[in-house]
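To start, the structure itself, in structure tokens.
Counting convention: from 1, in listed order, for ligands and their atoms alike. Worth knowing before you read on, the calculation uses all heavy atoms, side chains too, and leaves out hydrogens, waters and symmetry mates.
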Amino acid sequence: MNTNDLYTNFVLHTYKNPPALVIEYGKGSYVWDVDGNRYLDFASGIATNTLGHCNRRFTRRVSRQLRTLIHTSNAFGHQNQGFLAKKLVDYAGPGKVFFCNSGAEANEGLIKFARLFGKLKNGKAGKPAYKIVCAQNAFHGRTMGGLSATPKPKVQDGFDPLLPGFVFAEYNNLDAFREAIDDETAAVFIETIQGEGGIHSAKPEFLQGLRALCTEKNVLLLLDEVQCGIGRTGTFFAFEQADIKPDGIGMAKGLGSGFPIGAFWVEDSFTHLFHTGSHGSTFGGGPLACAAGLATIEALEDLDLINKSRLRGRRFFKKLHRMWGYHPEIVKEVRGRGYLLGIELKVPAPDMVAALRSKGLLVMPAGTDVIRILPPLNVRAKELKAAFSILDETFTEFATNMKAGN
Ligand SMILES: Cc1ncc(COP(=O)(O)O)c(C=O)c1O
């Protein structure tokens, strides 16, 4: 049986099946398929391969750990977890970190944080607060908590009854959030930049207003930085650009540079809400995953990759913006920051993704009409140039075909 037959017969069909491409190996910003074709990978495992594929210093560090100690469970300690937690606290601010294995799990932790906070919010004798105000067009993952916070039929259909208490307000509309908060509200929970929703950034003044509103109403401000965090937008966390501090942060994707790891951070004044036994994970924070996290962050720091993603990302954004000007029949808008960029199209995104793939460039769709450009943070200037040429050429072909009525 070939790979496609194996997928079709034995893998549950929750993804496109068989897969559009079977990848055999990767190096840097490139991957090769099983037929030996090379692709520039600007999908990066959905904003995850921070250091590209099989980065030498990363694989050296993780291989060393692989040969030393793989798994302990949290019944025992090891030397990596505390170091990685400290690194994250250095960036997030005073507080503590819990490690898990994915973005959805990180968000589950934040939802549990909101419940613990809400139990006490109105006093021991008062009504427990359990509501969480999320944004329309959000995506927070596929667990029951994550999908209950994700108001999309595609994600929620078939899974009733959902977790109660999720309320939705328009993203970037402070009045809508103010209206949605009541005595039973424990938290506001949003993505700093909506990724799956099509690369929509929270405006700095919206985040600042939300911070003040949450403080005024005594509700937590929880930020999902699973996709936009870990340097991808030019600062370690995207919310830093609005100069605010949340009460909790969910992170995952880019943290392990492709190795599964998730984490949530809880601000210092709330860490007492968690106690022995209130949360746990067998695999979370294992030696190997934490080595991957440390290797990622050390590379970001040593190679100045966060600044590079800000500066080079801005230059690339400007080029895309100019391209919008000369492909007005194809491009509706260019959005994003750093290396989390989105192009809203006037043609179907899946068609564009397939056309770009056929020319050797991998990008991610977001919904039906946005493509996401997500290079690794150590992408080379010549690779950005190559990607731009493929985009330009493909857009030109689409426009020519449209004019010819094909
Ligand atoms: C903002 C955000 N939150 C949560 C998730 C879920 O992460 P995971 O797929 O690792 O569970 C994603 C995944 O795309 C995401 O983009």
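Residue-to-ligand polar distances place Gly103 within reach of ligand 1: an N/O pair is separated by less than 3.5 Å. Residue Asp224 has at least one nitrogen or oxygen atom sitting less than 3.5 Å from a nitrogen or oxygen atom of ligand 1, judged on distance alone. Below 3.5 Å of separation, one finds no N or O of Glu191 facing any N or O of ligand 1.
Relative to the six-membered ring of Tyr339, Arg232 misses at least one condition, a distance below 6.0 Å or an angle of at most 45° to the axis.
For atom 16 (O) of ligand 1, the closest heavy atom belonging to the protein is Gln227 NE2, 2.8 Å. Counting protein heavy atoms only, atom 9 (O) of ligand 1 is closest to Lys253 NZ, 4.8 Å.
Using a 4.5 Å heavy-atom threshold, the side chains of Ile249 and Val266 count as separate.
The aromatic rings of Phe239 and Phe237 sit parallel to each other, their planes meeting at less than 30°, with 60° as the upper class boundary. Ring geometry, Phe270 versus Phe117: the interplanar angle exceeds 60°, so the pair is classed perpendicular (tilted spans 30 to 60°). Phe42 and Phe316 have perpendicular rings, their planes meeting at more than 60° on a 0 to 90° scale where under 30° would count as parallel. In this structure, Phe177 and Phe206 have perpendicular ring planes: the angle between them is above 60°, well past the 30° mark.
Within ligand 1, the atoms closer than 4.0 Å to a non-hydrogen atom of Ser102 are 10 (O), 11 (O), numbered from 1 in the order shown. Within ligand 1, the atoms closer than 4.0 Å to a non-hydrogen atom of Ala104 are 6 (C), 7 (O), 8 (P), 11 (O), numbered from 1 in the order shown. Within the listing of ligand 1, atoms 3 (N), 4 (C) sit less than 4.0 angstrom from a heavy atom of Asn107.
The proximity of Glu196 to ligand 1, defined as any non-hydrogen pair under 4.0 Å, is limited to the side chain.
Evaluated for a side-chain contact (heavy atoms from CB on, under 4.5 Å) with Ser201, the options Arg337, Arg335, Gln241 yield exactly one hit, Arg337.
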